[in-house]
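A short write-up of the structure that comes next.
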Amino acid sequence: MDELQYGLTGATLGVVFLQILRISVPYVLTSVGAVFSERGGVVNLALEGLMLAGAFGAAAGQHVSGSVLGGMAGALLLGLLVALLFAFITVTLKADQIVAGIAVNILVMGATRFGLVLLYGSSINSPRIPGLRAASLFLDPLFLAALVSVAAGYWILYHTPYGLRLRATGEDAATADSAGINVQGMRYSGVLVSGLLGALGGAFLVFQQHTFTDNMTAGRGYIALAAMIIGRWNPLGAALASLFFAAAESLEIWTQGGWIPSQLLQIIPYVVTLLVLAGFMGHSAAPREAGVPFYKNRRSE
Amino acid sequence: MNHPLQRALVPTLSILLAILLNAAIISATGTDPLMVAERIVRSTLGSPYGTGQVLFKATTLLFSALAVAIPFHLRLFNIGAEGQLQVGAIAAAISAASLPPSLTPWAAIPLAVLAAMTAGAGWASIAAILKIRFRVNEVISTIMLNFIAQGVSGYLLFNHFALPSTAHSAPIAENARIASFSELYGWFPSSPANPSLYAAIALSLGFWALLYRTRHGFEMRASGLQPLAAKRAGINPARHTLLAMAMGGASAGLGAANLVLGYKGYYEAGMTAGAGFSGIATALLAAAHPLWIMGSALFMGLLDYGGLAVNSLVPKEIFQVMTAVTILLVISATALNRRNS
């Protein structure tokens, strides 16, 4: 009896652990991407739109081509397109980054709905797609991509000249510029990396659910943003915070109908984010010039 | 760019450009854009009922847009109108359902409205206090507070106030209902447009007067434009931050009252339906100007309701795309102007 119980608990723990990892994949990918955007100095509220565009691209890509690779290509292509638009508006035209991010989210939400009706005649979901069919989560290329994004992201940011330049751009663009760094190029690169990784996050959702549903990211982009902030604009921190958010979500699923109302569990991550921001859990500061446009040959305002 | 007509140029051109782009997309899908436009106008302004629907939608939008616009003049970006609407709606529904039925509507309605305003203002003040005391960026905190509001109102609804096996609260007392124009005067028959519209217009005008005709408004604009100079001149930014956010939240509460007391008659899960987020778009479209915002709310209300009527011709989501494109054009043009000036 004891043994049986122990076995059951062990198995359950394994299931929970896998579930947390699975839930965390889109958060990890998107929040690591966000680190690149913000370290370069572009506040990225467009994460939700980037994920949603990637999700739509994955569904449409796999539906059209019939292959997983087609789905991946579709996701990356749409993510890149939306990121380019966002970068053009914020970096080249220097429009307000926060407003631009929100407008891009509205744009993508509308455009994907429009595309859904136009392509598939449904305002709810796309036709079923086979997805990735990985034998286990650990063999899922997108899970592996998430792992790699954390390690590679950390290494690139802190151990390569590119990472140093990117961080310098976000901290003090004028100084970076006078040191010969191409500020605009750096900022574009950060936003584009964010677009690619966010799109992969969206693709993961679609491959898991085997269909694109309207607004399927359901605020996950904002959670990824919170994970990046709690993770202190660091890929490792962002990944850990993503795991924390995923654990809270998993707890919510497992206690459904239990003694703690699930709605109250649901708010834990957001409350924690506020507490972290308020400095109750150590200080967390944004790159100094995140959100500040850079005008070459002119003193910043 | 100082003449008012010149300042109106950028948003007007942006809207026109977005409409043209929209028309191009619609014709690319094989539908005649003129027919779509005609049907939108006919289904909205073409009938008293349609006009009433537009006015009702515009009322909520105007309130939630003001929730964004008022703090915007202090360079505070209130993304939290959605959450403030949500707590306002549940406060309105619960208070209006628990009022004694003998109370006169002249007392019952203001009490329920006050509850909604207080809830909205209180919720927005959390972000203000986090900003003042702990220097937490209001963009992030209001986003988080939106999610928290969703959880808290869901908890309150399903664990305390929902009627058994439904997703809505008990109906409000009859005396707390805001009668529609249709019931009162027979205007806009059977549409939910109601006198809350007057309150929304009055609030816009009042906000204009506050901003441009009072010392308080001058201080607000000064702290928004030159925070450091304003501080040196003895203006207390913390006080202004708190007041502006609270006023914004109270306005969102009024929008919630319009939905609960003027239409639904109870609180229902998901009843705010993103009106807070549409309020952001409405405010941005009008560059947060207290008078233009009325036009912007009307325009958005028109698209919102007119979109339903043309949905069989062309997916109504095209108008969401159009709104987003307009905002992107407005902010891009504004940024380009700033650079060339």
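Order of the sequence lines sets the chain letters (A, B, ...), proteins ahead of strands, with each chain counted from 1.
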* At a heavy-atom separation under 4.5 Å, does B:I126 approach chain A through its side chain, its backbone, both, or neither? -> neither
* **Separation of A:R113 CZ from B:K316 NZ (nearest 0.5 Å)** => 7.0 Å
* Give, as side chain, backbone, both or neither, the part of B:I148 having an atom under 4.5 angstrom from any heavy atom of chain A. => both
* Structure fact -> Of the listed B:I327, B:I143, B:I25, the one with the largest count of heavy-atom pairs under 4.5 Å with chain A is B:I143
* Side-chain touch B:N159/A:Q263, heavy atoms, less than 4.5 angstrom -> yes
* Asked: Would a 4.5 Å heavy-atom cut-off, applied to side chains only, mark B:N137 and A:L277 as touching?
  -> no
* Of the backbone (N, CA, C, O) and the side chain (C-beta and beyond), which part of B:I331 lies under 4.5 Å from a heavy atom of chain A, both, or neither? -> both
* Asked: Which heavy atom in B:Y155 sits nearest to a heavy atom in A:P261, and how many Å separate them?
  -> CE1-CG, 3.4 Å
* To do: First locate atom CZ of B:F147, then atom CD1 of A:I223, and finally report the distance between them rounded to the nearest 0.5 Å.
  => 5.5 Å
* Taking all heavy atoms of A:K94 and all of B:A335, pick out the closest pair and write down the distance. => O-CB, 3.4 Å
* Structure fact -> One option among B:L284, B:V321, B:V325 has the most heavy-atom pairs under 4.5 Å with chain A, and it is B:V321
* Structure fact -> What one should report as the nearest heavy-atom pair of B:L328 and A:A103 is CD2-CB, 3.6 Å
* What closest approach, in Å, do A:Y222 and B:M144 show between heavy atoms, and which atom pair accounts for it? -> O-CE, 4.1 Å
* What part of B:S141 is in contact with chain A, defined as an atom under 4.5 angstrom from a non-hydrogen atom: side chain, backbone, both or neither? -> both
* Structure fact -> dist A:D96:CG -> B:T334:OG1 (nearest 0.5 Å) comes out at 9.5 Å
* Could you tell me which portion of B:V314 (side chain, backbone, both or neither) has an atom closer than 4.5 angstrom to a non-hydrogen atom of chain A? => side chain
* Asked: With a 4.5 angstrom heavy-atom cut-off, which part of B:V139 approaches chain A: side chain, backbone, both or neither?
  -> side chain
* Structure fact -> The interface call for A:L116 against chain B, heavy-atom contacts under 4.5 Å, is neither
* Heavy atoms, side chains only, cut-off 4.5 Å: are A:F114 and B:T29 in contact? -> yes
* To do: Select one option (side chain, backbone, both, neither) describing which atoms of B:F77 are under 4.5 Å from chain A's heavy atoms.
  => side chain
* Heavy-atom distance under 4.5 Å to chain B: side chain of A:L265, backbone, both or neither? -> neither
* Which atom pair, heavy atoms only, marks the closest approach of B:F134 to A:A278? -> CD2-O, 3.4 Å
* Taking A:I267, A:I102, A:L225, A:V104 one by one, which has the highest count of heavy-atom pairs under 4.5 Å against chain B? -> A:I267
* Asked: In terms of heavy-atom pairs under 4.5 Å, which option from A:T112, A:L274, A:V108, A:L118 contacts chain B the most?
  -> A:L274
* Part of B:L130 within contact of chain A (heavy atom distance under 4.5 Å) -> side chain
* **Which portion of A:T90 sits near chain B, non-hydrogen atoms under 4.5 angstrom** => neither
* For the pair A:V117 and B:N311, evaluate side chain to side chain contact (heavy atoms under 4.5 Å, CB included) and give the outcome as yes or no after the intermediate values. => CA-CA 10 Å; A:V117 178; B:N311 205 14; over 6 Å; no
* Tell me, for A:L45 versus chain B, whether the close heavy atoms (under 4.5 Å) come from the side chain, the backbone, both or neither. => side chain
* Where does B:I79 contact chain A at under 4.5 Å (heavy atoms): side chain, backbone, both or neither? -> side chain
* For each of A:I98, A:V43, A:V99, A:I89, tally heavy-atom pairs with chain B at distances under 4.5 Å, and name the one with the top tally. => A:V99
